[in-house]
Amino acid sequence: MRKASLIHFARQLQVIKSSSSHPRSFSSSPSSNKLFVAGLSWSVDEKSLKEAFSSFGEVSEVRIMYDKDSGRSRGFGFVNFSREDEATSAKDAMDGKAFLGRPLKVSFALDKVYREPVTTRHSNMGTTFTRSR
DNA sequence: GTTGAGCGTT
């Protein structure tokens, strides 16, 4: 068994466990406090997005992806809430709603949170080869 | 001065 496979499998298990540990509050979707927000206007920054989502709960983190070259917004970002019900209500309220002229597309974010660095170790005689992705 | 579905950095 490879290490990367174990990590992937553990992440899958965590999603299933978080879903099955709350049988009653299961709203037919992998609930999370992280929201994926797309359909943003090009001129939307993090502060305006946070101001828009702060009315639904306590926003802990807001990140908008900007282009490395031009520095302009790529039109999507992420909003972190302190509670899952806040994120759920915010998604339910803001999804499909217009924001600065464009219809917003809000959904739960995927757990692309930790990307393991590409550690290519040339040990002696190929002792340890750690390839990720 | 542009574009328009999507799942991101340490």
Enquirer: Sequence neighbours left out, what passes side chain to side chain contact (heavy atoms under 4.5 Å, CB included) with A:Asp85? Give chain and number order.
Expert: A:Arg83
Enquirer: May I ask you to list the residues of residues 92-100 of chain A, by number, that have any heavy atom positioned under 4.0 Å from an atom of DNA chain B?
Expert: none
Enquirer: Name all residues meeting the side chain to side chain donor-acceptor pair (under 3.5 Å) criterion together with A:Lys47; count only those two or more places apart in sequence or in a different chain, and write none if there are none.
Expert: A:Asp45
Enquirer: Under 3.5 Å, which donor-acceptor pairs do the side chains of residues 90-97 of chain A form with other protein atoms, sequence neighbours left out?
Expert:
unit_1: A:Asp95; atom_1: OD1; unit_2: A:Val106; atom_2: N; d: 2.9
unit_1: A:Lys97; atom_1: NZ; unit_2: A:Ala93; atom_2: O; d: 3.3

Enquirer: Applying the 5.5 Å / 30° rule, does A:Phe36 stack onto the base of B:dG6?
Expert: no
Enquirer: Can you list the residues that meet the ring pair (Phe, Tyr, Trp, His ring centres under 6.0 Å) rule with A:Phe76, with sequence neighbours excluded?
Expert: A:Phe36
Enquirer: Under 4.0 Å, heavy atom to any atom of DNA chain B: which of residues 56-69 of chain A qualify?
Expert: A:Arg63, A:Met65
Enquirer: Which residue pairs pass the salt bridge (Lys or Arg N to Asp or Glu O under 4.0 Å) test when at least one of the two sits in residues 100-110 of chain A, sequence neighbours left out?
Expert: none
Enquirer: Using modelled atom types and a 3.5 Å cut-off, is there a donor and acceptor pairing between side-chain atoms of A:Glu46 and backbone atoms of A:Ile64?
Expert: yes
Enquirer: Are A:Met65 and A:Leu104 connected into the same hydrophobic cluster when the rule is that any two of I, L, V, M, F, W, Y join if their side-chain heavy atoms are below 4.5 Å apart?
Expert: no
Enquirer: Return a table of donor-acceptor pairs under 3.5 angstrom between the side chains of residues 54-62 of chain A and protein atoms on other chains or two or more places apart.
Expert:
unit_1: A:Ser54; atom_1: OG; unit_2: A:Lys50; atom_2: O; d: 2.5
unit_1: A:Ser55; atom_1: OG; unit_2: A:Ala52; atom_2: O; d: 3.2
unit_1: A:Glu58; atom_1: OE2; unit_2: A:Ser82; atom_2: OG; d: 3.4
unit_1: A:Ser60; atom_1: OG; unit_2: A:Asn80; atom_2: O; d: 3.1

Enquirer: A:Asp69: what forms a side chain to side chain contact (heavy atoms under 4.5 Å, CB included) with it, not counting sequence neighbours?
Expert: A:Asp67
Enquirer: For nucleotides 1-5 of chain B, print each protein N/O atom paired with a nucleotide N/O atom at under 3.5 Å, atom names and distance only.
Expert:
unit_1: B:dG4; atom_1: O6; unit_2: A:Trp42; atom_2: NE1; d: 3.0
unit_1: B:dG4; atom_1: N1; unit_2: A:Leu40; atom_2: O; d: 2.4
unit_1: B:dG4; atom_1: N2; unit_2: A:Leu40; atom_2: O; d: 3.0
unit_1: B:dG4; atom_1: N2; unit_2: A:Gly75; atom_2: O; d: 3.2

Enquirer: For A:Glu84, enumerate each residue passing the side chain to side chain donor-acceptor pair (under 3.5 Å) test, keeping only those at least two apart in sequence or located in another chain.
Expert: A:Ser31
